[in-house]
S.K.: 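Dropping the structure in here first, questions after.
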Amino acid sequence: MTFMKRTHYCGQLRTEDIGKTVTLCGWAHSARNHGGVLFIDLRDRTGLTQTVIEPENKELFATGEKIKGEYVIELRGTVRARPAGYANGAMPTGGIEVAASGITVLNESKTPPFELGEHVNVTEEIRLKYRYVDLRRQKMAANLMRRHTVAQLMRAYLNKREFMEVETPILTRSTPEGARDYLVPSRVSAGNFYALPQSPQMFKQILMVSGIDRYYQLARAFRDEDLRADRQPEFTQLDLEMSFAKEDDVFPLMEGLMKEIFDAMGQELPVPFPRMTYQTVMEKYGSDKPDLRYGLELADCTDVFKSTGFKVFSSVVETGGAIRALKAEGGAKLTRGDMDKLTETAKKAGAKGLVWMRVKDGAVESPAAKFFTPEELAALKTKLSAKDGDAIFMASDEPMKASLIMGEIRKDLITRLELKPARPWAAFWVTNFPLLEWRPEEKRYDATHNPFTAPLEEEIPLLDTNPGNMGSHQYDMVLNGVELASGSVRNHRSGIQRKIMGLMGYNEEAIQERFGMLVNALDYGAPPHAGIAIGFDRLVALLSGETSIREVIAFPKTTTAACPLSGAPDRVDTRQLEDLHLRIVETEKVLGEKN
RNA sequence: GGGGACGUGGUGUAGCUUGGUUAACACGCUGCCCUGUCAAGGCAGAGACCGCGGGUUCAAAUCCCGUCGUCCCCGCCA
């Protein structure tokens with residue numbers, strides 16, 4: 001590394017560098033004045049180095065004494081070993097220090113709005129307002145660096161495999177992706193609007209028709225929906241598409257990429273990822289994105305209770321419902337209060353109730369125990385291999401709903417019992433999502449994921465007879481309970497694509513209006529193709545041990561989609577509105593309150 | 001659209017239930033002392049009218065209403 005003056009980064013020096021004359025540039029992290037000797041820790045994005053200013057050089061010492069927190073310093077000196085017994089094992093540079101021979105104060109700084117140590121205690125609001133200071137913190141610098149590293153690994157990996165990065169438009173037209181669009185008014189075309197893309201979906205499929213063959217893009221996507229810890233109005237995805245490909249091409253490609261990223265991060269990620277159909281994952285875990293670091297598989301106990309005297313169960317079974325059960329090892333320690341909270345969780349998920357049991361001294365302890373025969377209880381314990389100290393939970397409902405309810409109980413138990421994950425990372429594929437779901441209130445079908453997904457070849461005749469029961473080539477990648485990527489094999493034949501859109505309630509005119517650019521392109525020699533998009537922010541957050549993607553985004557927005565740093569969104573002046581042929585119909589009162 | 005939590009010096013909090021002298025504590029900041037600290041230490045000091053607006057009251061950080069903002073969740077969203 002070469003710099004004009006700077007010779008090293010602050011996190012770089014080690015005992016091997018002892019004796020070198022160096023120049024460091026950075027911020028004064030802390031200054032400790034002992035009257036006779038002055039320690040200044042210099043910080044840059046790579047770390048900290050302790051520098052020492054001794055009193056012999058009076059002028060130098062006088063300069064050093066004036067240095068306050070966050071002053072910007074260029075410091076020349078000699079690397080030397082710390083005196084015996086004074087090494088700091090907690091710092092990578094803790095074996096050495098730089099004895100200063102010259103200091104230039106490049107800039108002063110106001111007292112920072114919060115402390116920059118590792119023990120930050122400050123609200124996110126303040127951090128975002130002073131993001132430029134916040135990003136100087138070692139953790140944030142490391143997060144941004146990690147983000148950069150992952151991005152470069154992705155590009156290198158895909159470049160090596162003949163993928164081409166192509167930019168798709170940010171100013172585009174409103175697409176029916178499902179979410180609300182961000183709109184941009186046109187100046188030259190009065191009354192018309194661009195939309196910011198919710199994903200480059202249609203453009204990347206068109207690139208396949210164009211013969212680009214293998215496309216990727218670290219693409220920004222925009223959705224005007226309410227925010228969450230893992231959702232921002234603009235976010236980044238690694239978007240890719242490949243021609244002449246199916247699941248067996250996409251999955252190994254992605255597994256290889258994930259493996260390379262995790263290896264580089266010193267993390268162990270077993271590949272290939274297990275594959276589970278949507279049907280299976282729902283039955284076994286009651287969720288389409290279960291955290292498989294934990295066991296806790298649901299069991300179907302409909303058979304056990306098919307002739308039970310417990311009316312709640314028997315009536316559900318008679319009407320084709322199911323009884324799903326979950327055994328929690330060590331769950332017998334849960335208190336009555338815990339059981340009540342779990343019941344609440346079940347009810348929130350739509351359950352009428354939750355049957356819970358503690359297994360103790362070979363017996364079953366439960367308010368519901370009296371409704372079951374000893375034979376039923378014995379069969380239940382056998383089915384679940386329940387031992388003393390375990391707890392059993394059961395819900396009965398229409399089969400999919402019973403699973404979903406128990407899926408919520410499963411999640412609740414993982415946190416409530418503070419279960420330890422069996423391994424640090426667990427990734428898997430969910431395959432074969434249903435193609436369509438019926439929307440009774442709108443009397444039409446809707447795509448469960450994405451309207452461009454191909455149906456299973458052998459089920460295509462069902463499009464005419466029973467489209468609600470069709471599987472599809474839609475897949476998700478789930479990592480530690482986070483839906484990390486989603487993709488599908490697409491419809492490359494316009495006939496099938498049009499038929500599916502027809503089922504979704506679009507006539508030919510509406511298809512032209514909303515999907516015309518894609519469907520028409522499919523008519524001109526579209527190759528079979530498949531693709532996927534990874535939630536890049538989510539991936540980096542997981543790798544950084546963060547629960548909020550805001551921690552890995554340089555300038556994120558608040559839950560009301562505002563940017564405390566820039567003040568966006570904000571009013572614009574009347575002149576700008578006139579150019580755009582817009583008038584704010586809001587009352588003066590509302591506008592007045594904003595200012 | 002709905003539910004919950006929070007808002008008090010620069011920062012993080014206590015005080016609020018049960019209204020009543022100079023609003024407390026820690027960190028930071030300022031000054032002085034100190035030659036081996038690294039979340040330095042010692043002494044001294046400055047700094048908030050308690051998010052904003054209104055109401056109740058002799059009296060409001062504290063009670064009530066409204067409003068704004070932040071965070072979490074449901075809906076929504078992949």
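Side-chain atoms are counted along with the backbone in the values below, which use heavy atoms only and exclude waters and symmetry mates. Order of the sequence lines sets the chain letters (A, B, ...), proteins ahead of strands, with each chain counted from 1.
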S.K.: Mind checking if A/P83 touches a base, just sugar-phosphate, or nothing, with heavy atoms under 4.0 Å?
M.R.: base
S.K.: When you get a sec, tell me which of B/G36, B/U70, B/C76 is the closest nucleotide to the side chain of A/T558?
M.R.: B/U70
S.K.: Taking only N and O in the side chain of A/T111, is any of them less than 4.0 Å away from OP1 or OP2 of B/C29?
M.R.: no
S.K.: Check if the side chain of A/E54 and the base of B/U35 share a donor-acceptor pair of N or O atoms closer than 3.5 Å.
M.R.: no
S.K.: Consider the side chain of A/T559, meaning its heavy atoms from C-beta on, and name the nucleotide among B/C38, B/C72, B/U35 that approaches it most closely.
M.R.: B/C72
S.K.: Using atom CD of A/E551 as one end and atom P of B/C71 as the other, report the distance to the nearest whole Å.
M.R.: 11 Å
S.K.: Between B/G51 and B/G12, how far is it from one P atom to the other, in whole Å?
M.R.: 13 Å
S.K.: Can you work out whether A/N121 or A/A485 has the more 5'-proximal nearest nucleotide on RNA chain B?
M.R.: A/N121
S.K.: Can you find an N or O donor on one side and an acceptor on the other, under 3.5 Å apart, linking the side chain of A/R231 with the base of B/C76?
M.R.: yes
S.K.: Using purine N1 to pyrimidine N3 plus N6-O4 or O6-N4 for Watson-Crick, or N1-O2 and O6-N3 for G-U wobble, each under 3.5 Å, what pairs with B/C25?
M.R.: B/G12
S.K.: Hey, is the side chain of A/T123 poking within less than 4.0 Å of OP1 or OP2 on B/G12, counting only N and O atoms?
M.R.: yes
S.K.: Using a strict threshold of under 4.0 Å (side-chain N to carboxylate O), is an ion pair present between A/K66 and A/E108?
M.R.: no
S.K.: Side chain of A/N88, base of B/C38: donor and acceptor closer than 3.5 Å?
M.R.: yes
S.K.: Base, sugar-phosphate or nothing for A/I126? Non-hydrogen atoms, less than 4.0 Å.
M.R.: sugar-phosphate
S.K.: In whole angstrom, give the distance that lies between atom CG of A/L116 and atom C1' of B/C29.
M.R.: 14 Å
S.K.: Have a look at A/E125 and say if it touches a base, only the backbone sugar-phosphate, or nothing, with a 4.0 Å heavy-atom cut-off.
M.R.: sugar-phosphate
S.K.: Mind checking the P distance from B/U62 to B/U56? Whole angstroms is fine.
M.R.: 15 Å
S.K.: Within the structure shown, what part of the strands sits under 4.0 Å from A/K68 by heavy-atom distance: base, sugar-phosphate, or nothing?
M.R.: sugar-phosphate
S.K.: Could you give the distance separating B/A46 and B/A24 at their P atoms, to the nearest angstrom?
M.R.: 12 Å
S.K.: Would you kindly compare A/G85 and A/F114 by the position of their nearest RNA chain B nucleotide and give the one closer to the 5′ end?
M.R.: A/F114
S.K.: Taking CG from A/D134 and C1' from B/U11, how many angstroms apart are they, rounded to a whole number?
M.R.: 13 Å
S.K.: Would you indicate which nucleotide in B/C72, B/C73, B/U37 comes nearest to any side-chain atom of A/R228?
M.R.: B/C73
S.K.: Any strand is fair game: report the nucleotide pairing with B/G69 by Watson-Crick or G-U wobble, both distances under 3.5 Å, or none.
M.R.: B/C6
S.K.: Expressed in whole Å, how much space separates the C1' atoms belonging to B/G41 and B/C27?
M.R.: 15 Å
S.K.: Tell which nucleotide pairs with B/U17, taking only Watson-Crick or G-U wobble pairs whose two distances are both under 3.5 angstrom.
M.R.: none
S.K.: Does the ring centre of A/F428 sit less than 6.0 Å away from the ring centre of A/F273?
M.R.: no
S.K.: Tell me what A/E483 touches on the nucleic acid: a base, only sugar-phosphate, or nothing, going by heavy atoms under 4.0 Å.
M.R.: base
S.K.: Whole angstroms only, please: what is the NZ-P distance between A/K557 and B/C71?
M.R.: 13 Å
S.K.: If you compare every side-chain N and O of A/K110 against the phosphate oxygens of B/G10 (OP1, OP2), does one of them come in below 4.0 Å?
M.R.: no
S.K.: Please state the C1' separation for the pair B/U35 and B/G42 - nearest whole angstrom.
M.R.: 16 Å
S.K.: Any base atoms under 4.0 Å from A/N33, or only sugar-phosphate, or nothing? Heavy atoms, all strands.
M.R.: base
S.K.: Check for me whether the distance between the ring centres of A/W429 and A/F251 falls short of 6.0 Å.
M.R.: yes
S.K.: One thing to verify: whether A/R127 and A/E124 come together as a salt bridge, which I'm taking to mean a side-chain N less than 4.0 angstrom from a carboxylate O.
M.R.: no
S.K.: Determine whether the aromatic ring centres of A/F222 and A/F235 lie less than 6.0 Å apart.
M.R.: no
S.K.: Rounded to whole angstrom units, what separation is found between the CZ atom of A/R32 and the P atom of B/C29?
M.R.: 13 Å
S.K.: Can you tell which of B/C77, B/U37, B/U11 lies closest to the side chain of A/R223?
M.R.: B/C77
S.K.: Can you tell me how far P of B/U35 sits from CD of A/E65, to the nearest Å?
M.R.: 12 Å
S.K.: If only atom types and distance count, is the side chain of A/K68 paired as donor or acceptor with the main-chain N or O of A/S109 below 3.5 Å?
M.R.: no
S.K.: Are more than 12 heavy atoms from other residues, nucleotides or ligands located less than 6.0 Å from atom NZ of A/K129?
M.R.: no
S.K.: Counting the benzene-type ring for Trp, do A/H473 and A/F433 have ring centres under 6.0 Å apart?
M.R.: no
S.K.: To the nearest angstrom, how far is A/E70 atom CD from B/U11 atom P?
M.R.: 16 Å
S.K.: Does A/E97 reach a base, just sugar-phosphate, or nothing at all? Heavy atoms under 4.0 Å.
M.R.: base
S.K.: For nucleotides B/G9 and B/G55, find the distance between their C1' atoms and express it as a whole number of Å.
M.R.: 28 Å
S.K.: A/Q50 CD to B/A39 P: how many Å, rounded?
M.R.: 10 Å
S.K.: Expressed as a whole number of Å, how far does the P atom of B/U11 sit from that of B/A48?
M.R.: 13 Å
S.K.: Would you mind classifying the nucleic acid contact of A/A229 as base, sugar-phosphate or nothing, using non-hydrogen atoms under 4.0 angstrom?
M.R.: sugar-phosphate
S.K.: For the base of B/G1, is there a side-chain donor-acceptor partner from A/R180 under 3.5 Å away?
M.R.: no
S.K.: If you count every heavy atom of other residues, nucleotides or ligands that lies below 6.0 Å from A/R137 atom CZ, does the total exceed 12?
M.R.: yes
S.K.: Is the base of B/U37 touched by the side chain of A/R82 through a donor-acceptor pair closer than 3.5 angstrom?
M.R.: yes
S.K.: Which part of the nucleic acid, if any, lies within contact of A/R80, taking any heavy atom under 4.0 Å across all strands shown: a base, the sugar-phosphate backbone alone, or nothing?
M.R.: base
S.K.: Reckon A/R550 has a side-chain N or O less than 4.0 Å from the OP1 or OP2 of B/C72?
M.R.: yes
S.K.: Between B/U70, B/U37, B/C76, which one does the side chain of A/T560 approach most closely?
M.R.: B/U70
S.K.: Say we look at B/U8 and B/C50: how far apart would their C1' atoms be, to the nearest angstrom?
M.R.: 4 Å
S.K.: Spell out yes or no: do the side chain of A/E225 and the base of B/G75 have one donor N/O and one acceptor N/O closer than 3.5 Å?
M.R.: no
S.K.: Does B/C63 pair with anything, Watson-Crick or G-U wobble, both distances under 3.5 Å, and if so, with which nucleotide?
M.R.: B/G55
